[in-house]
Structures are given as C-alpha cells and as structure tokens.
Number of protein chains: 2
Amino acid sequence: MPETWGDRPRSGDGPLYRQVREALLREIAQGRHPVTEPLPSEQKLAARFGVAQGTVRRALDEMARENLVIRHQGRGTFVHAHGPDRDRFHFFHLLAADGERRLPTSRVLSMTQRRVTQTEALALRLSPQARVVEIKRVRDLMARRAVLELIILPDDLFPGLGDLNKTQLPNTLYQLYQDRFAVIVHRAVEKITAEAAGPDDVTHLGLDRGAPLLRIERIAQTLDGTPVELRISRCDTTHLAYFSDLL
Amino acid sequence: MPETWGDRPRSGDGPLYRQVREALLREIAQGRHPVTEPLPSEQKLAARFGVAQGTVRRALDEMARENLVIRHQGRGTFVHAHGPDRDRFHFFHLLAADGERRLPTSRVLSMTQRRVTQTEALALRLSPQARVVEIKRVRDLMARRAVLELIILPDDLFPGLGDLNKTQLPNTLYQLYQDRFAVIVHRAVEKITAEAAGPDDVTHLGLDRGAPLLRIERIAQTLDGTPVELRISRCDTTHLAYFSDLL
DNA sequence: TCTTATAACTCTTATAGAAGACTTTGCGTT
DNA sequence: AACGCAAAGTCTTCTATAAGAGTTATAAGA
C-alpha cells in the first residue's frame with residue numbers, strides 16, 4: 001500500500017464507478033433529474049466526471065439493478081419512478097388464493113389530520129410535536145373485503161394532502177406521492193405478525209371477533225433512507241396470502 | 001439481420017454473456033464444480049467457450065449478484081454454498097421483538113417416513129406414490145418456544161435420511177442437505193397467512209387454543225427450480241415478527 | 001406515409017495495471 | 001539435516017479505459 005499517490009485526483013475513495021454512483025445518487029435524491037426526462041447521456045456524464053464512458057456505464061448498470069434508474073435503449077436513462085411502466089407488484093405482496101396476482105381496489109373511510117403518537121414519531125423519525133395525516137381505507141381483492149389499511153404520513157412532506165377530498169385519493173398512492181409531492185418511494189421494510197381481530201376488523205372486514213389476521217407494518221423510504229410513510233395493513237387471509245421470494 | 005453466419009457456433013440466441021451464464025448454470029446444476037474448489041479461471045472459461053474474458057466476467061458477475069457463485073479476489077470463483085461464510089439470515093426472516101437478528105435453536109420432536117399426501121405431492125412435484133421424510137421440530141428464539149416446524153423431504157433426493165437418529169440433525173438443515181446429499185438450496189418461496197392455534201400448537205408452543213399465529217409455507221428449490229423441501233412453520237408472534245425488505 | 005439520419009443504449013472484444021492469495025524459493029538459524 | 005521465515009513469483013479477480021458493431025427510439029425530411 002503506497003504512502004503517497006498523486007496519480008489521480010481522488011476526492012473520495014473506493015472504486016471510481018462507485019464514486020460516480022454516489023454522486024448520481026446524491027443528485028437524484030436532491031430532486032434534480034425530473035422523472036419525465038432522461039439523465040445526461042453516458043458520454044456527457046463521463047465528460048462531466050472526468051472518467052471513461054465504461055465507468056459511467058458500470059455505475060448506471062448497478063443503479064438499474066437496484067431499481068434506482070431504468071434504462072431504455074435508444075431513449076436514455078431515467079429515474080425509476082412510479083407510473084404505468086413500474087411493476088406494481090413490487091410493493092404489493094398479497095396474492096389471491098388461486099395464486100394469481102391481482103391488484104386491489106380501495107375505498108377510503110376517513111382522512112384526518114392530527115399530532116403524531118409516540119410510536120409513529122419513532123417509526124417516521126419525527127419530532128413529538130409533528131403533525132400527520134391519517135388515512136384509513138378498506139381494500140378489496142376479488143370483490144371481497146380483504147385489507148384494512150391505516151396510513152400515516154408526515155404533514156410537512158405532503159403539504160395540503162389533508163385538504164384533499166377523500167374521493168380524490170387514487171388507488172395507487174405512491175404515484176400520487178411522486179406526482180404531487182415529489183416523494184419517490186424506493187424501498188419499504190415490512191414487519192409481519194399475527195393478531196386477533198378487534199372491533200374495527202369486525203366492522204370493516206366482516207371478521208369474527210378474535211379471528212386470526214395478518215398484520216403488516218410497513219415503513220416506506222425514499223432512496224436516501226428518509227421514512228415517508230407508515231402503513232399498517234390488517235389482512236383477512238382466508239382467501240389471500242402474503243408471499244415472499246427468497247432468492 | 002444477416003441471413004447466414006458461420007462466424008460463431010451459436011447454439012442458442014441472445015447475448016453471448018447470457019449463453020455463457022446458462023452453460024455454467026447447467027454445469028453447476030449437474031453437480032460438476034464441487035463447492036470446495038474454484039471454477040476454472042476466467043481465462044480458461046473464455047478459452048473453453050471461445051469468447052473474450054470480459055464476456056465470461058460479465059456472466060460470472062451476474063451470477064455472483066444472484067448468489068449463484070461467490071468470487072474471491074486472488075482465490076477464484078466458487079459455487080455459492082451453505083456454510084460458515086453464507087449469510088444465515090438469507091433464509092431466516094424471523095426477527096426478535098427487540099429488532100435483533102438471532103438464530104434459533106432446534107429440538108426435533110419426530111422424524112418419520114411415509115407416503116406423500118396429495119397437497120405435498122403437488123407442492124414438491126412428486127408422484128402420488130412417492131415417499132417422503134417428515135420432520136417435526138420446535139424452534140426456540142431467545143429461550144422461548146417460538147416456532148413449530150413441519151418439514152417434508154422427498155425420500156429419493158435424501159436417501160438414508162430417514163434412518164438418521166433425530167438427535168443427529170443439525171440446526172441448520174440446508175448445510176446438511178448440501179454436505180450429505182449434494183442438494184444446494186438456492187431459492188425459497190414463502191406464502192404467509194394467519195391461522196388460529198390448533199391442538200398441536202397448544203401443546204408444543206404453549207399457546208391458547210384459537211390464538212392467532214403466523215403460518216409460513218415455504219417451498220425451497222435448487223437452482224434449476226426443482227422443489228426439494230416443503231416447510232410449514234407456525235410461529236407465535238407475540239415476541240417475534242417476520243420481516244421482509246422490499247427494495 | 002415512408003425513409004433517413006441521429007442519438008442513445010447494448011454487446012463484444014481488447015489491453016493494462018492494481019490488488020489479493022497462494023506457492024515456491026532461498027537463506028539463515030537451530 | 002530440519003525448521004522458520006521472508007522474498008519473489010504466479011495465479012486470479014478487480015478496476016479502468018478504449019473502440020467498434022449492433023439495436024432501438026425519436027425526429028427530420030422527402
């Protein structure tokens with residue numbers, strides 16, 4: 001290991017392609033590079049960073065594998081956003097009993113604004129005084145009441161969301177987050193347990209009191225790790241299942 | 001697109017690096033390339049397949065990302081096997097309530113040999129006459145009875161397993177599969193539902209009758225997609241949770 | 001509407017040096 | 001002679017660069 005090296009202006013350390021990756025990551029996280037238009041071409045980026053095109057290519061390929069960007073031959077490289085092209089099942093892991101993947105429909109029960117609870121503040125890394133929007137909705141799968149969802153969103157990240165009419169909420173929320181609030185959900189961590197049905201589950205899901213249900217606690221994050229949504233789903237698993245692929 | 005080309009003996013189509021990948025995949029699946037010694041070097045493989053080293057490299061890199069092989073600079077590329085180096089949590093997604101990842105201990109209750117049931121035969125793609133080994137065990141997490149496991153294994157894939165003493169079974173079964181039967185589990189698909197505790201759960205997990213529990217139905221496969229294990233875990237989630245990372 | 005040009009990504013090959021891991025060699029000591 | 005140790009050498013993967021042919025999508029022009 002040499003003591004001194006003047007061979008390259010290495011601002012950081014590690015492989016070059018990784019430095020390029022981090023630089024691009026920062027830019028994307030800062031909201032530059034709108035989802036509607038492509039990133040600069042590999043050539044331009046290479047020139048900008050002072051590296052070879054292959055190095056930029058490697059960084060972009062790696063980011064494409066991580067679903068950070070999506071590459072279209074002939075068109076360009078784009079920040080991978082939620083939209084018609086996005087795999088909708090990436091963040092939806094509930095499978096109908098017949099094994100088919102079907103997207104659910106939603107009906108919003110209520111949408112309110114209030115202060116965070118202690119556990120919510122912890123999960124979303126908010127101050128105890130922060131305000132949140134709480135959305136409660138029922139989701140149907142195959143014309144059957146299946147999931148009771150409670151969604152908690154930090155008010156400061158989604159300004160004006162609480163003023164929306166509850167009928168205006170689309171089925172796929174992540175696209176709304178992106179299009180109206182420039183919040184791109186990139187990752188989600190889920191914690192799954194079994195619980196007994198309470199009064200709410202009885203009324204909204206038609207379950208018997210004490211019946212077993214699946215509780216999914218999800219924390220969704222942007223690509224820089226900021227938690228932006230806490231979602232607690234309570235699922236009747238008599239006709240569906242949560243699936244997970246370990247590969 | 002040229003009509004004729006004698007330039008290369010392309011057996012299949014698609015990118016070269018992918019053809020190389022498939023060829024290597026076949027070789028590994030066929031049990032050549034023992035896990036103890038490295039694959040041929042990139043140079044040798046390149047010569048063997050008649051492609052450039054970079055092409056082999058791309059194939060191997062892709063396989064490394066998929067956990068098919070593991071690469072050590074200076075040593076070589078190895079078939080990624082279960083062992084001390086393997087991430088043990090890759091196939092174990094139960095998290096203690098404190099958020100820490102801990103491996104469980106196991107106590108085997110019974111090990112029997114019998115004919116498959118219809119559902120088992122379907123899941124494991126066996127003939128209705130096939131014989132299986134059934135292992136039932138309790139797993140403790142943090143000195144607390146947590147999981148009741150039922151493991152179904154095709155007898156023909158694991159010859160002589162049924163004759164083993166039940167005290168001889170190690171805690172990490174996948175390593176046993178690999179070392180004694182040359183079966184490498186590469187992927188697993190899990191289907192998770194909530195259920196009410198039955199008599200077995202009451203006796204072995206100490207749950208109350210009808211208490212909610214998490215049911216995890218796992219089918220483990222080798223890298224060529226052959227299902228080799230059906231495992232049904234019933235978990236008391238009062239002190240633990242199943243976690244899933246969607247990224 | 002059809003064709004053509006261009007810009008972008010894709011695939012393959014090639015080369016060269018850096019870095020890690022193992023083996024061999026050589027030397028000195030016991 | 002046997003042992004220990006360090007240096008040298010070799011093999012392998014890793015990083016970076018470069019160049020050319022191929023594919024795909026968009027835009028301009030006939």
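By convention in this document, chain letters (A, B, ...) are assigned in the order of the sequence lines, proteins followed by strands, and residues within each chain are numbered from 1. Excluded from the calculations below are hydrogen atoms, water molecules and symmetry mates; all remaining heavy atoms, backbone and side chain alike, are included.
Distance CZ (R65(A)) to C1' (dT10(C)): 15 Å, rounded to an integer number of Å. For the pair Q53(B) CD and dA16(D) P, the computed distance is 16 Å after rounding to whole Å. For I70(A) and dT10(C), the CD1 to C1' distance is 15 Å, given to the nearest whole Å. One atom, CG of L16(A), and another, C1' of dT17(D), lie 11 Å apart when rounded to the nearest Å. In this structure, the CD atom of E62(B) is 15 Å from the P atom of dC14(D), given to the nearest Å. One interatomic measurement links the two molecules: CZ of R71(B) to P of dA19(C), which rounds to 18 Å at whole-angstrom precision. The interatomic distance linking E37(B) (CD) with dC22(C) (P) rounds to 15 Å, in whole Å. Taking atom CZ of residue F49(A) and atom P of nucleotide dA16(D), one finds them 14 Å apart after rounding to whole Å.
Inspection of the R139(A) and N171(A) side chains reveals an N or O donor paired with an N or O acceptor under 3.5 Å.
Nucleic acid contact for Q43(B): none, since no nucleic acid atom lies under 4.0 Å from a heavy atom of the residue.
Base-pair partner of dA30(D): dT1(C) (Watson-Crick or G-U wobble, both distances under 3.5 Å).
Considering only side-chain N and O atoms, T55(A) lies under 4.0 angstrom from the phosphate OP1 or OP2 of dT17(D). Side-chain nitrogen and oxygen atoms of T77(B) include at least one within less than 4.0 Å of the OP1 or OP2 phosphate oxygen of dT13(D). Taking only side-chain nitrogens and oxygens, Y17(B) never comes nearer than 4.0 Å to OP1 or OP2 of dT12(C). Dashed line: the shortest gap from a side-chain N or O of K44(B) to OP1 or OP2 of dT12(D) is under 4.0 Å.
Residues S244(B) and S244(A) approach most closely at OG-OG, 4.3 Å, considering heavy atoms. The two residues P154(B) and V132(B) come nearest to each other via the heavy atoms CA-CG1, 4.1 Å.
When distances are taken from the side chain of R75(A) to each of dA25(D), dT13(C), dC11(C), the shortest belongs to dA25(D). Taking the side chain of Q73(A) as heavy atoms from C-beta on, and the options dC9(C), dT17(D), dC14(D), the nearest nucleotide is dC9(C). The side chain of R58(B) approaches dC11(C) more closely than any other nucleotide in the set dC11(C), dT12(D), dC9(C). Checked against dT12(C), dC14(D), dA25(D), the side chain of R57(B) finds its nearest nucleotide in dC14(D).
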| task | Show the numbers, then the answer: is there a side chain to side chain contact (heavy atoms under 4.5 Å, CB included) between M63(A) and L25(A)? | result | CA-CA 9 Å; M63(A) 292 169 77; L25(A) 211 62; 4.1 Å; yes
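Ranked by how close their nearest DNA chain D nucleotide is to the 5' end, R18(A) and G74(A) are led by R18(A).
Note on ring orientation: taking the six-membered ring where Trp is involved, the planes of F243(A) and H93(A) are parallel (angle under 30°, cut-offs 30° and 60°).
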